[in-house]
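These numbers come from the heavy atoms of this one structure, side chains and all, not from hydrogens, waters or symmetry mates. Each chain gets a letter, A, B and so on, in the order its sequence line appears, and its residues count up from 1.
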There are 2 protein chains.
Amino acid sequence: MKKRAENTTGIREIAKRANVSIGTVDRVINNRPGVSAKTKETIQKIIEELDYQPNIMARMLASKKVIRIAALIPSVSNETGYWNAPLKGINEAASEIRNFGVVVDNYFFDQNAKQTFTDQADNILKQNYDGLLLAPMFENESIAFLSRCRQNHIPFVLINSDLADQANVAYIGPDLFQSGYLAAHLSKYLISASQTVLVVNISREIDLHHHLLKKEEGFRTSFEKEHTGVAIDKVDINETDYDSLQKTLKRVFKKNKPDLVFVTNSRVSSVARFFEENKIQDVKLIGYDFLEENIEYLKKGTIDFLICQKPQEQGYKGVMSIYQHLLQAPVESVQYMPIDIITKENYSYYKN
Amino acid sequence: MKKRAENTTGIREIAKRANVSIGTVDRVINNRPGVSAKTKETIQKIIEELDYQPNIMARMLASKKVIRIAALIPSVSNETGYWNAPLKGINEAASEIRNFGVVVDNYFFDQNAKQTFTDQADNILKQNYDGLLLAPMFENESIAFLSRCRQNHIPFVLINSDLADQANVAYIGPDLFQSGYLAAHLSKYLISASQTVLVVNISREIDLHHHLLKKEEGFRTSFEKEHTGVAIDKVDINETDYDSLQKTLKRVFKKNKPDLVFVTNSRVSSVARFFEENKIQDVKLIGYDFLEENIEYLKKGTIDFLICQKPQEQGYKGVMSIYQHLLQAPVESVQYMPIDIITKENYSYYKN
DNA sequence: AATATATTCGTGTACGTTAACGGAAGGTGT
DNA sequence: ACACCTTCCGTTAACGTACACGAATATATT
């Protein structure tokens, strides 16, 4: 490891060449007032000539500014560990930019209790953050919250599910429609024409349904497009406990047993459990997300495919995007996650 | 005339708590001699207690060290643009850590000319780099090169294909066997029992073959395990131009037309072209890598699946890993890339 | 003309760390 | 006794930038 080469760049060199002090150069670089037009121009010319790039290290070291970001996401429930992954991504990003003077505070709400969401939203607004990362699970409440953020000039990034026309800095998450569309495509390898498919939406709060419906729409569109003659049934289950699910599925299966079941979210493991307990082996099963319980059933072959969309990366990129925006850097406003297909063979290599 | 912050968690605070000077603390942190065992211990205890993380900014600012890394990978040929992606990853990493006093120099060799590899290797050794990133395409030459690196105490990271027992800091790339295994699994959705599969290895230098053979091995193993009764033929093509390929395939297809073709590398588009030109539509096709020409055939349906293993990320992580290692940070020694499945439906969301 | 006010600029200190330098205390050999 | 090490530790000047403070100069006001 050698010594660094003689540095002829830097604010100091610019000052020397312009015959001014570094203070003046600093004012020009940071676009602060107090420099005559003439001086400013000569300095800017020299900056261009040298292709001067400020040293980020020194800048961050010297700057006492602190950027404060709030993240509001669902808490990890015992019903689904999905939000573990985004949280991990958020924390990873947070620790990466901690040295850059960024503080990320995490707030959590209960997906089964709207009140917890609005409470935390109020909480966040009181603290006067510089930016916000939000998983807008409750549609109406989120819209209200974001409207107040706009009033307070707090920029925000949405992850996991999108909301139209919110003037958000970025959306980072799945293309829900396309994700359902792909699920249908995979299904076509698993069943043949004139067989029956069952779409299962499992979620307690009806507000969370819009999220699932887009996937269902994509799923149906794919089948309709190709005129496969496949019949698509559907059932909504508004309770997340296993007993309710079992009761409903028993009824549906008795009436018309499907050849393939498509679960529109991560609760596919409950359906798999239902299959196992009732010795249903000839029905294919597709669902979402790389969760331990899902993987167990994937290993056993009860679940055929899982679709996953990088939840951890969503958290990571969410934080990074709001941070970039606060640094005035341009940010891609729609960042769709890749649609990953997980099978028995490749799950051990999957990285959330 | 501002006072230093009180609640500082830096080297200064540690010094205060340990009743020593920051110089001593610095010696302990950087593991330099000149500190009594007793003092060292108390300081280390305090560091643990505070969960002290050195400020990278300040460290890089104050340190006059420059870390020099060499990367040696195949050049982008007109035959395949595969190495564009790793190169992009390498450059991305390089520019991310440039401010941290790291210089990455790229060296290229021609996959069809061993000599270029050894020439560049000599070149690199002369320059006395601190670390090396290598794609060890030529097995024997790479082993010889790495042996000399070890002698010169230059740590190295391997990407894209692995070499056993080289004392490398890390391997970052596909699990070749498993990747072929997955290809076989997908194949089972596309064909039925007692049909015929053809494995195609395309590569000019025989030394590059060991790479492809592992994939073939995984592919065969999967079929053997499940006793599907599928017959697996194989053909090696040692020229990379289209005419040679066409001639060989015509001969093979005349003799025994397969129901599915598995191409063990990114040259699958040549086979797709062969299919298209000869109006072969009932043969399934699986291959590797997210290249423009491959995607074209995927769109058209000539190629059914592509398997891709994040070539860009391989480059990125390769640079980052050797860098981390040079910073004395621990590095995961085997980093298998996820095995991504690309279809007509999800290719537009794929990120290399 | 004297004073007040604005404009433009230079100086100094701080950010957290590295590393060169030097000093004190104690040991060794003659 | 002296000179000369060693070992252990403190002090201090950088690194490149931000920013507060105040000095110098120019312009306006009375």
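Using a 4.0 Å heavy-atom distance criterion, B:I22 is classed as a base contact. Note on A:P54: only backbone sugar-phosphate atoms sit closer than 4.0 angstrom, heavy atoms only; bases stay farther off. B:N55 comes within 4.0 angstrom of the backbone, heavy atoms only, and of no base.
A close approach under 4.0 Å does not occur between any side-chain nitrogen or oxygen of B:T24 and OP1 or OP2 of D:dC9. OP1 or OP2 of D:dG16 has not a single side-chain nitrogen or oxygen of A:R12 nearer than 4.0 Å. For A:S36 and C:dT7, the shortest distance from a side-chain N or O to OP1 or OP2 is not below 4.0 Å. Taking only side-chain nitrogens and oxygens, A:R32 comes nearer than 4.0 Å to OP1 or OP2 of D:dC19. When the side-chain nitrogen and oxygen atoms of A:N30 are compared with OP1 and OP2 of D:dA18, one or more of them lie within a distance under 4.0 Å. The phosphate of D:dC9 has OP1 or OP2 within less than 4.0 Å of a side-chain N or O from B:T39. Put simply, B:K65 has a side-chain N or O that comes within less than 4.0 Å of OP1 or OP2 on C:dA19.
Using modelled atom types, one finds no donor on one side chain facing an acceptor on the other under 3.5 Å when comparing B:N123 with B:Y107. Between the side chains of B:Q314 and B:Q335, no donor-acceptor pair is found at a separation under 3.5 Å. Residues A:E96 and A:Y316 bring a donor and an acceptor atom of their side chains to less than 3.5 Å of each other.
Between B:R27 and A:A62, the one whose closest nucleotide on DNA chain C sits nearer the 5' end is A:A62. Map A:D26 and B:V35 each onto its nearest nucleotide of DNA chain D; the residue landing nearer the 5' end is B:V35.
Comparing C:dT17, D:dC15, D:dG10 by their closest approach to the side chain of B:I11 singles out C:dT17. Of the candidate nucleotides C:dT8, C:dT18, C:dG16, C:dT18 has the atom nearest to the side chain of B:S63.
When rounded to the nearest whole Å, the span between CG of A:L61 and P of D:dC19 equals 13 Å. Distance, A:L327 CG to D:dA18 P: 13 Å, rounded to whole Å. One can place CZ of A:R59 at 14 Å from C1' of C:dC15, the figure rounded to the nearest angstrom. Between the CD1 atom of A:I67 and the P atom of D:dA18 there is a distance of 14 Å, rounded to whole Å. Rounded to a whole Å, the CD1 atom of A:I47 is 10 Å from the P atom of D:dT17. Rounded to whole Å, atom P of C:dG16 lies 13 Å from atom NZ of B:K16. Regarding A:I56, its CD1 atom lies at a distance of 12 Å from the P atom of D:dA18, rounded to whole Å. The CD atom of A:E13 sits 16 Å away from the C1' atom of D:dT17 (whole-angstrom rounding).
Side-chain contact between A:I73 and A:W83: present, with at least one pair of heavy atoms (C-beta onward) separated by less than 4.5 Å. Side chains of A:V103 and A:I69 form no contact here, defined as non-hydrogen atoms less than 4.5 Å apart.
Ring planes of A:F109 and A:F117: perpendicular class, angle over 60° (limits at 30 and 60°).
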